[in-house]
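A short write-up of the structure that comes next.
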Amino acid sequence: MAQSAVSQVSLTVPLNSDLSFRKSVLKVHNISFREKSWVAVSPLEVTARNVRSRNQFVVCMSVQQASKPKVSVSPLELEDPKEPPINLHKPKEPYTATIVSVERIVGLKAPGETCHIVIDHGGNVPYWEGQSYGVIPPGENPKKPGAPHNVRLYSIASTRYGDFFNGKTASLCVRRAIYYDPETGKEDPSKNGVCSNFLCDSKPGDKIEVTGPSGKIMLLPEDDSNAAHIMIATGTGVAPFRGYLRRMFMESVPTFRFGGLAWLFLGVANTDSLLYDEEFTKYLQDYPENFRYDRALSREQKNQSGGKMYVQDKIEEYSDEIFKLLDGGAHIYFCGLKGMMPGIQDTLKRVAEQRGESWEEKLSQLKKNKQWHVEVY
Ligand code: FAD
């Protein structure tokens, strides 16, 4: 890994709240360095198109010359605490944050809608990668008249520095919960999900009550920067992994120079439903030795038996490598809908048995070693 910066050039650019900046920053040139072909971004690529005076955020972007580009983040004090922040804002005293942007991130052929939502917390609700925010939607709790709605949890999809690298925002990846009447097949708006619809319908400047951050199970262990991390996601379950991967491959964090292996398995319905695919594909180009990315598209691909392709089919395809990595101490993470786990567990059990191993013993060992991380909802 040639992550050592040869020299750094910093430039300051106002940043637009949509993702066009990120897309244009990712414009690449191939250069050769230490006999390897790396991909670099020229600061000159930051064109006037990206520099709009009305923008609220200012980002310092460092470009490591003759090396892979990474973005400088601040404030680096966010690296100081030894323990993650936990429940700084409780449901009785939530923090009133502000919506920065809401962007639909799936194509027209995706079943359902998923949005990427950036929230400005002004640095008041710091978090670590893998944690969740609670959101209290506005209005009255139908089950407790006069009381606010219950908190809904959402995995944070950004790093602690946020999408603007300044430690002031958190991003969520939210799927709109729509209710279809099982008899008529028609949507019944009175039964649509309260919080997901509030979030996906919100507009820049809207206020939002957040609690947290919460959760420790999905924190990214950073004691060994050369470790292997196997990430299994279905749909919005990709959120925490987007955070991990930005920390590993997009940000320049002096205390964490990732040199291990990150392997993402993402299961969605079809190509239009892929989430953050452009970002992940870019890491594949830039860090082919450190990143692997496998997609299971249930409605487009077939598994070996001719059925729909689910993440467990991809796991089975690479089971030898996965088991070897686990035996070598790799962390494995699962995030997404609860329904994903039985199929995955069955596959892992079957594979273990084919290898002459007891899955129960292996699983208990993985849990004991803190290699096994599950957050399903
Ligand atoms: P609710 O209003 O709570 O309704 C729940 C469901 O019931 C909906 O599908 C709704 O359509 C249906 N419903 C409502 N009324 C009726 C009725 N009368 N009869 C039958 N059905 C009805 N979600 C994400 O999108 N992204 C994430 O990253 C994410 N991370 C999570 C992390 C954790 C740790 C947990 C626990 C959950 C996470 N969730 C995530 C799920 C999220 O917390 C919410 O559960 C989800 O958004 C639905 O909440 P809602 O308020 O929209 O729906």
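Side-chain atoms are counted along with the backbone in the values below, which use heavy atoms only and exclude waters and symmetry mates. Start at 1 and go down the list; that is how both ligands and their atoms are numbered.
Of the candidates Pro84, Ser132, Pro213, Ser214, Pro213 is the only one forming a side-chain contact (heavy atoms from CB on, under 4.5 Å) with Tyr127. A side-chain contact (heavy atoms from CB on, under 4.5 Å) with Phe241 is found for one member of Arg246, Met218, Glu129 and no other, namely Met218.
No N or O atom of Ile178 sits closer than 3.5 Å to an N or O atom of ligand 1. Distances between N or O atoms of Val174 and those of ligand 1 include no value under 3.5 Å. Checked by distance only, ligand 1 and Glu375 stay at 3.5 Å or farther apart across all their nitrogen or oxygen atoms. Residue Ser155 has at least one nitrogen or oxygen atom sitting less than 3.5 Å from a nitrogen or oxygen atom of ligand 1, judged on distance alone.
In terms of protein heavy atoms, atom 20 (C) of ligand 1 is closest to Tyr179 CE1, 3.3 Å. The closest protein non-hydrogen atom to atom 52 (O) of ligand 1 is Ser196 OG, 2.6 Å. Given atom 2 (O) of ligand 1, the protein heavy atom at minimum distance is Val194 N, 2.9 Å. Counting only heavy atoms of the protein, atom 15 (N) of ligand 1 lies nearest to Lys191 O, 3.5 Å. The shortest contact between atom 40 (C) of ligand 1 and any protein heavy atom is with Tyr377 CE1, 3.5 Å. Looking at atom 4 (O) of ligand 1, its nearest protein heavy atom turns out to be Gly193 CA, 4.0 Å. Looking at atom 47 (O) of ligand 1, its nearest protein heavy atom turns out to be Tyr154 OH, 2.7 Å. Here the heavy atom of the protein found nearest to atom 38 (C) of ligand 1 is Leu153 O, 3.0 Å.
Between Ser171 and Asp163, the side chains place a donor N or O and an acceptor N or O closer than 3.5 Å (distance only, hydrogens not considered). Asn197 and Arg176 share a donor-acceptor pair across their side chains, judged by distance under 3.5 Å alone.
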Test salt bridge (charged side-chain N to carboxylate O under 4.0 Å, His left out) on Glu93 and Lys90; report intermediate values, then the result. CA-CA 5 Å; Glu93 288 173 37; Lys90 303 205 166 57; over 6 Å; no
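In this structure, Arg242 is not positioned above the aromatic face of Tyr244 in the sense of NZ or CZ being under 6.0 Å from the six-membered ring centre and within 45° of the axis.
For atom 23 (N) of ligand 1, the nearest protein heavy atom lies under 4.0 Å away. For atom 33 (C) of ligand 1, the protein comes within 4.0 Å by at least one heavy atom.
Using a 4.0 Å cut-off between a side-chain N of Lys or Arg and a carboxylate O of Asp or Glu, Lys282 and Asp286 qualify as a salt bridge.
Set against the non-hydrogen atoms of Asn192, the atoms of ligand 1 under 4.0 Å away are 11 (O).
No donor-acceptor distance shorter than 3.5 angstrom exists from the side chain of Asp120 to the backbone of Val100, with no hydrogens or angles considered. No side-chain donor-acceptor contact under 3.5 Å links Arg152 to the backbone of Ser196. Judged by distance alone, the side chain of Glu357 and the main-chain N or O of Lys362 form no donor-acceptor pair under 3.5 Å.
Which of Cys195, Ala157, Ala177 comes nearest to atom 51 (O) of ligand 1 through a heavy atom is settled by distance: it is Cys195. Considering each of His149, Arg152, Arg175, the one bringing a non-hydrogen atom nearest atom 45 (O) of ligand 1 is Arg152.
Under 4.0 angstrom from ligand 1, there are no non-hydrogen atoms of Pro137.
Looking at Ser101 and Ile117, their side chains never come closer than 4.5 Å, going by heavy atoms from C-beta outward.
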